[in-house]
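Everything on this sheet refers to the single structure shown next.
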Amino acid sequence: MSEETKSLHFIEHIIEEDLKNGMPKEHLRFRFPPEPNGYLHIGHTKAIGISFGLGEKYNAPVNLRFDDTNPSKEEQEYVDAIKRDISWLGYQWANELYSSDYFQQLYDWAVLMIKDGKAYVDSQSSEAMAEQKGTPTQVGTNSPYRNRSVAENLDLFERMKDGEFPAGTHVLRAKIDMEDPNMLMRDPIMYRVMHAKHHRTGNDWCIYPMYDWTHGESDYLEQISHSLCSLEFKPHRKLYDWFKEQVYTYASKEYPLLPKQREFARLNLSYTIMSKRKLLKLVEDGVVSGWDDPRMPTISGLRRRGYTPNSIRQFIKKVGVAKRENVIDVSLLEFCVREDLNKTAPRIMAVLDPIKVVITNYPEDKEEWFEAENNPEDASAGTRKVPFSREIYIEKEDFKEEAGSKFFRLKLGGEVRLKNAYIIKAESVVKDANGNIEEIHCTYIEDTTKKVKGTLHWVSIKHAIQAEVREYDRLFLDAAPDSHSEKDFMEFINPNSLKIVNAFIEPSLADAKQGEQFQFQRIGYFNVDDDATAEKLVFNKTVGLRDSWAKAKPKASAGTSNKQAKPQQQAQKKAINVIQQLGKKYTNLSEEKQQKVRAEILELAKEVTFEELEPLFGTAVKKAGTRIAAMLTLSILLKNGLEKNEAIDDFINKALEDKNEILVAEAQNL
């Protein structure tokens, strides 16, 4: 296996095999098919990245097709938002298409299926049809209308289209097999009556095609070569292929290519809700200010919070393309934006929780302007001037009257360096009637060559600009807020997900524009919010300089299961040893239990060092479970900044050639 082949993900392997077997490269065509019933969220970025990424890799067109088959939930607002988000991510589509473009063709094909005895009009209630459908272990029973004559079916279907019947009276069903083990094949509904205005076709139609009927046939009409979707659609593949084969008999000369559906694991992110329905509830209940609230996982929300297109694309690249479902730690997404902004964001000084410092030996009427570096990571970023005066603000937490030897900030009798300025020494404090410190009196020395351990950021009170700063935290306190059958996800809302403070900022930001991004030194990355005006600056906190959440996770709430707390308890024993124990039995577990153990290993891996992990690279071939556990642990270390070396590359390459499919899949992720 060549190095180039090893680097391909499984979908690329499928495409390469198809090309090898004779598919002309110019026949490659992909699509991203969102339903315009909500805003795109971070989960969609994986599907976007895969389809558009393949388009870029193979220089193949990618269609943006809106699967707009449900007028009761679809709006032009969502269409516009989806287009805006994809463009912002940096992708370009070849054609903007809509399933509604094909309504007439779909109807015509449905008529042909009726004539061929492959579809019929059912006049039962939805409850009756559901009861007849059976269960996964019990076959269904035929509808009493299944053997209606072709003439009667054609008459009823045309009258359905003409609007003669109210909703719920008739549906058109495919005639397949009510005893098929796959329940989706048990005479699925193709059309239902809906007297609803469509956002594009208006009132032209009062019957609308179902998703399963529309989706595959739209792929076929567009001659999509590879129809890529997430794993929940895998059971639909059999129906996708059945419908596709029917229409192929009607249009094979005009549309010779049959699309191939393949599924990948969708993106699941910790502390995040991905359901559009549940996200809509957050909006409608006023938990957030809208779809673009910076706490929302929508692309619009991430953009407003200050995430960059490059950081999201890098995140998707690191997540990779896998066949098995897993949960990605949201800290990886935060790492990606932190890494990206570190290279590009100008540094400035801002104080969010101020306390006044008076430099008593500095002249009252004096001010100086010091030169400050804009970004040490970017030599071309240049410098700026920062004003200094007798009275400044520092962060309240940066001062203690008394502190131990490990406190390297300001304390009485202690010295610190002011960033880009002088060294100061705390001499005394001024307190109010309640004993709260109002001022810190300091002296300064001009000799900045003196060595001191602490460096503080600050702003000159005389020159400072006031700004509103919105400090955002995770919207949910639970890592999997919608996974508790006995509790509603709304019970895990973080009441402290937004904190608004009045901050003081250096004057270089006086003309900051909406969307501009900065590093507030020693605090984090911030961007100018859409609400900002020339009269009032508003900043959103994108992410802190470090992952503080891991160190200050809230204690398990009443709704947090013991199973979720277990990895932390085990880690106290010795994380690497627990991981080994979990790995030994991994391959003997059911798939459901494997997923639970996998999550435990990934959590424990955060406490493991490379020195502890490396000995497991030599685990015997027959101990596949232990090697899987080691590979999972390695994935966390790499995500947290560990650089690959020869030992790591060798371990991954050997795993890629292994006979164990699970181990190979995990290695492919790396």
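Worth saying up front: this structure is predicted, and the values here are computed from it rather than measured.
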Kindly indicate, with the supporting measurements, whether the criterion side chain to side chain contact (heavy atoms under 4.5 Å, CB included) is fulfilled by Leu269 and Phe315. CA-CA 12 Å; Leu269 203 61; Phe315 169 68; 3.6 Å; yes

Using the rule given for side chain to side chain contact (heavy atoms under 4.5 Å, CB included), can you reason through Leu106 versus Met190, listing the C-alpha separation, both sets of side-chain angles and the distance that settles it, and then say yes or no? CA-CA 10 Å; Leu106 292 168; Met190 296 173 63; over 6 Å; no

Taking it one step at a time, do Gln668 and His9 satisfy side chain to side chain contact (heavy atoms under 4.5 Å, CB included)? CA-CA 7 Å; Gln668 286 175 337; His9 58 65; over 6 Å; no

Between Leu475 and Val288, is a side chain to side chain contact (heavy atoms under 4.5 Å, CB included) present by the stated rule, with each step listed? CA-CA 9 Å; Leu475 188 55; Val288 294; 4.1 Å; yes

Going through the checks in order, is the side-chain hydrogen bond (donor to acceptor under 3.5 Å, both in side chains) test met by Asp67 and Tyr98? CA-CA 6 Å; Asp67 279 341; Tyr98 297 80; over 6 Å; no

Assess whether side-chain hydrogen bond (donor to acceptor under 3.5 Å, both in side chains) is satisfied between Ser635 and Glu666, documenting all intermediate values. CA-CA 9 Å; Ser635 71; Glu666 297 296 352; over 6 Å; no

Starting from the C-alpha separation in whole Å, work towards a yes-or-no answer on side-chain hydrogen bond (donor to acceptor under 3.5 Å, both in side chains) for Arg29 and Ser225. CA-CA 5 Å; Arg29 183 180 294 272; Ser225 60; over 6 Å; no

After noting the C-alpha distance and the side-chain angles of Asp116 and Tyr250, does the key distance pass the side-chain hydrogen bond (donor to acceptor under 3.5 Å, both in side chains) rule? CA-CA 11 Å; Asp116 287 344; Tyr250 307 137; 2.8 Å; yes

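In this structure, the side chains of Lys323 and Phe264 stay at 4.5 Å or more apart for every pair of heavy atoms. At a threshold of 4.5 Å between non-hydrogen side-chain atoms, the residues Leu40 and Pro34 count as touching. A heavy-atom distance below 4.5 Å is found between the side chains of Ile11 and Ile15. When side chains are defined from C-beta on, Lys260 does not count as touching Ser227, because their heavy atoms never get closer than 4.5 Å. By the 4.5 Å heavy-atom criterion applied to side chains, Pro188 and Leu239 are counted as neighbours. At a threshold of 4.5 Å between non-hydrogen side-chain atoms, the residues Tyr240 and Asp212 do not count as touching. Between Leu154 and Val150, the closest side-chain pair of non-hydrogen atoms falls below 4.5 Å. Counting only heavy atoms from C-beta outward, the side chains of His236 and His215 never approach each other to under 4.5 Å.
Ionic pairing of Asp478 and Lys487 is not present here: no N-O contact between side-chain nitrogen and carboxylate oxygen is shorter than 4.0 angstrom. Taking 4.0 Å as the cut-off between side-chain N and carboxylate O, Asp292 and Arg304 count as a salt-bridged pair. We find that Asp155 and Arg159 are joined by a salt bridge, their nearest charged nitrogen and carboxylate oxygen being less than 4.0 Å apart. A salt bridge links Arg474 with Glu334: the distance from a Lys NZ or Arg NE/NH1/NH2 to an Asp or Glu carboxylate oxygen falls below 4.0 Å. Taking a cutoff of 4.0 Å between a charged side-chain nitrogen and a carboxylate oxygen, Asp293 and Arg305 do not qualify as a salt bridge. A salt bridge links Asp219 with Arg65; the closest basic N to acidic carboxylate O contact falls under 4.0 Å.
Here the side chain of Ser300 pairs no donor or acceptor atom with the backbone of Thr298 at under 3.5 angstrom. Formation of a donor-acceptor pair under 3.5 Å by the Glu96 side chain with backbone atoms of Trp93 is not found in this model. In this structure, His226 contributes its side chain and Ile14 its backbone to no donor-acceptor pair below 3.5 Å. In this structure a side-chain-to-backbone donor-acceptor pair under 3.5 Å is present from Gln246 to Trp242. When atom types are taken as modelled, the side chain of Arg266 and the backbone of Gly43 share no donor-acceptor pair closer than 3.5 angstrom. Lys244 places a side-chain N or O within donor-acceptor distance of the main-chain N or O of Pro259, the cut-off being under 3.5 Å. Looking only at distances, no side-chain donor or acceptor of Asp187 sits under 3.5 Å from a matching main-chain atom of Lys175. With hydrogens and angles disregarded, no donor-acceptor distance shorter than 3.5 Å links the side chain of Glu263 to the backbone of Arg237. In this structure, the side chain of Gln594 engages the main chain of Tyr586 through a donor-acceptor pair within 3.5 Å. At distances below 3.5 Å, at least one donor-acceptor pair connects side-chain atoms of Lys46 with backbone N or O atoms of Ala265.
By the 6.0 Å contact criterion, CD on Glu158 is open, its count of non-hydrogen atoms from other residues, nucleotides or ligands being 12 or less. Within a 6.0 Å sphere centred on CD of Gln92, other residues, nucleotides and ligands contribute 12 heavy atoms or fewer. The number of heavy atoms from other shown groups lying within 6.0 Å of CD (Glu56) is above 12. Other residues, nucleotides and ligands contribute only 12 or fewer heavy atoms inside 6.0 Å of the CG atom of Asn59. Heavy-atom neighbours of Glu179 CD from other residues, nucleotides or ligands within 6.0 Å: at or below the threshold of 12. For Lys118, the NZ atom sits in a packed shell: over 12 heavy atoms of surrounding residues, nucleotides or ligands are nearer than 6.0 Å. Environment of NZ in Lys317: sparse, with no more than 12 heavy atoms of neighbouring residues, nucleotides or ligands closer than 6.0 Å. Counted within 6.0 Å of CD on Glu661, heavy atoms from surrounding residues, nucleotides or ligands total 12 or fewer; the atom is thus considered open.
Taking the six-membered ring wherever Trp is involved, the centroid distance between the rings of His13 and Phe10 does not fall below 6.0 Å. Between Tyr191 and Phe157, the gap from one ring centroid to the other is short of 6.0 Å. Checked against a 6.0 Å centroid threshold, the rings of Phe492 and Phe476 do not count as neighbours.
A distance of 10.0 Å separates CG in Leu221 from CG in Leu97, rounded to the nearest 0.5 Å. Rounding to the nearest 0.5 angstrom, the gap separating the CG atom in Leu28 from the CG atom in Asp18 is 8.0 Å. Note that the CG atom of Leu632 and the CD atom of Glu603 stand 13.0 Å from one another [nearest 0.5 Å]. In this structure, NZ on Lys133 lies 12.0 Å from OG on Ser143, to the nearest 0.5 angstrom. Separating the CD1 atom in Ile50 from the CG atom in Leu228 is a distance of 7.0 Å, to the nearest 0.5 Å. Atom CE of residue Met185 and atom CG of residue Asp241 lie 9.0 Å apart, to the nearest 0.5 angstrom.
Of the N and O atoms on the side chains of Glu217 and Gln105, not one donor lies less than 3.5 Å from an acceptor on the other residue.
Between Trp109 and Tyr255, the ring-plane angle classifies as perpendicular under the 30° and 60° cut-offs. Ring geometry, Phe103 versus Trp205: the interplanar angle exceeds 60°, so the pair is classed perpendicular (tilted spans 30 to 60°).
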